[in-house]
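Shown next, in structure tokens, is the structure this report addresses.
No experiment lies behind these values; they were computed from the predicted model shown.
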Amino acid sequence: MRRLACLLLLFCCTLARAELPETDWLELMPPEDRKALEEMPEISHDSPEADGTFDQKGGLKQQKDLPAVMYSARTVAALDGKEIHIGGYPVPLESDAKGRSTLFFLVPYPGACIHVPPPPPNQIVLVRYPKGIALDDIYAPIWVDGTLKVEKVSNDLADAAYAMDAGQVRLVEEGDL
């Protein structure tokens with residue numbers, strides 16, 4: 001009996017440490033936003049912002065006259081407080097004394113921070129990671145694990161509809177692919 005209890009405990013510990021299933025970015029959008037995104041016409045990237053002004057005031061904010069879905073901050077309430085594992089690309093905001101990023105936006109595709117238009121607010125997650133991570137290349141994808149919160153965040157750079165307190169952040173490795 002004791003052996004069975006030990007095996008059960010070991011099995012439960014293994015499950016608890018197992019990696020969370022990957023959350024797809026589209027899961028962060030309500031169904032009506034996903035449908036509108038699928039039906040959206042092609043967007044022009046020809047604007048002064050296309051020259052890469054992500055680090056300037058308003059650099060990730062949406063330009064005017066885009067389809068409504070590109071401004072959407074509508075969220076999925078069922079995700080509030082949920083532990084997730086999501087991949088994306090960082091837009092560093094703050095770093096510690098060692099130069100490690102402790103606060104950054106996570107976006108679904110590379111270059112989202114320097115090409116226009118940026119993702120809608122419900123496709124931008126503010127990540128808080130006090131441990132910090134060295135981000136030498138914003139085009140290198142990362143994995144973020146943590147508790148997702150429905151939390152509207154607005155600063156001079158961007159608007160986000162979600163925030164996350166990350167427990168782990170790491171670079172995507174070749175073995176992950």
Side-chain angles (χ1 to χ4, degrees), residues 5-31 33-34 37 52 54-55 59-61 72-115 118-177:
C6 288
L7 285 174
L8 184 60
L9 181 62
L10 179 63
F11 178 72
C12 290
C13 290
T14 302
L15 284 178
R17 294 189 63 195
E19 192 168 273
L20 296 165
E22 182 179 349
T23 298
D24 186 283
W25 280 93
L26 294 178
E27 293 176 50
L28 275 61
M29 300 180 103
D33 281 5
R34 285 194 303 264
L37 193 63
F54 81 95
D55 58 350
L60 263 180
K61 300 248 184 184
S72 181
R74 289 184 289 203
T75 58
V76 178
L79 294 175
D80 192 32
K82 185 175 180 186
E83 291 287 321
I84 69 165
H85 171 75
I86 190 166
Y89 297 85
V91 179
L93 298 173
E94 292 180 10
S95 57
D96 63 16
K98 294 180 180 177
R100 297 175 303 205
S101 291
T102 56
L103 185 72
F104 55 90
F105 284 122
L106 189 69
V107 294
Y109 50 87
C113 54
I114 59 174
H115 294 103
N122 63 10
Q123 293 289 281
I124 299 176
V125 178
L126 177 74
V127 177
R128 298 177 186 103
Y129 188 54
K131 293 180 190 175
I133 182 172
L135 296 175
D136 300 324
D137 180 4
I138 62 170
Y139 290 98
I142 61 175
W143 288 115
V144 180
D145 294 350
T147 304
L148 189 68
K149 298 176 184 171
V150 172
E151 181 181 329
K152 305 256 191 285
V153 177
S154 185
N155 69 20
D156 288 343
L157 187 60
D159 296 324
Y162 293 99
M164 179 187 291
D165 293 322
Q168 179 181 7
V169 178
R170 68 176 180 84
L171 293 172
V172 172
E173 300 169 355
E174 193 170 314
D176 296 330
L177 306 176

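Residue pairs that meet the salt bridge (charged side-chain N to carboxylate O under 4.0 Å, His left out) test with at least one member in residues 100-109, sequence neighbours left out, are Asp96-Arg100. Sorted by first and then second residue, the pairs that involve residues 79-102 and meet ring-ring contact (aromatic ring centres under 6.0 Å, His included), not counting sequence neighbours, are His85-Trp143. A salt bridge (charged side-chain N to carboxylate O under 4.0 Å, His left out) check over residues 135-147, counting only residues at least two apart or in different chains, returns nothing. Evaluation of the ring-ring contact (aromatic ring centres under 6.0 Å, His included) test over residues 154-177, restricted to residues two or more places apart or in two chains, returns none. Applying the side chain to side chain donor-acceptor pair (under 3.5 Å) test to pairs two or more places apart or on separate chains, none has a residue in residues 22-31.
For Asp33, the side-chain hydrogen bond (donor to acceptor under 3.5 Å, both in side chains) partners at least two apart in sequence or on another chain are Ser72, Arg74, Asn122. Residues that satisfy the side-chain hydrogen bond (donor to acceptor under 3.5 Å, both in side chains) test with Thr147, not counting sequence neighbours, are Glu83. For the salt bridge (charged side-chain N to carboxylate O under 4.0 Å, His left out) test, residues two or more places apart in sequence or in another chain that qualify with Arg128 are Glu151, Asp165. The side chain to side chain contact (heavy atoms under 4.5 Å, CB included) search around Leu171 returns Ala140, Ile142, not counting sequence neighbours. Applying the side-chain hydrogen bond (donor to acceptor under 3.5 Å, both in side chains) criterion to Arg170, with sequence neighbours excluded, gives Asp176. Lys82 meets the side chain to side chain contact (heavy atoms under 4.5 Å, CB included) test with Leu79, Ile84; sequence neighbours excluded.
Residues Ala158 and Phe105 approach most closely at CB-CE1, 3.7 Å, considering heavy atoms. The shortest non-hydrogen separation linking Thr102 to Gly132 is CG2-CA, 3.9 Å.
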- Task: Please report the C-alpha distance between Met164 and Ile86 in whole Å, then the side-chain angles of each, then the deciding distance to 0.1 Å, and finally whether the side chain to side chain contact (heavy atoms under 4.5 Å, CB included) criterion is met.
- Result: CA-CA 11 Å; Met164 179 187 291; Ile86 190 166; 4.1 Å; yes
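Atom NZ of Lys131 is surrounded by 12 or fewer heavy atoms from other residues, nucleotides or ligands within 6.0 Å.
Of the possible polar contacts, none joining the Asp159 side chain to the Pro121 backbone as a donor-acceptor pair under 3.5 Å is found.
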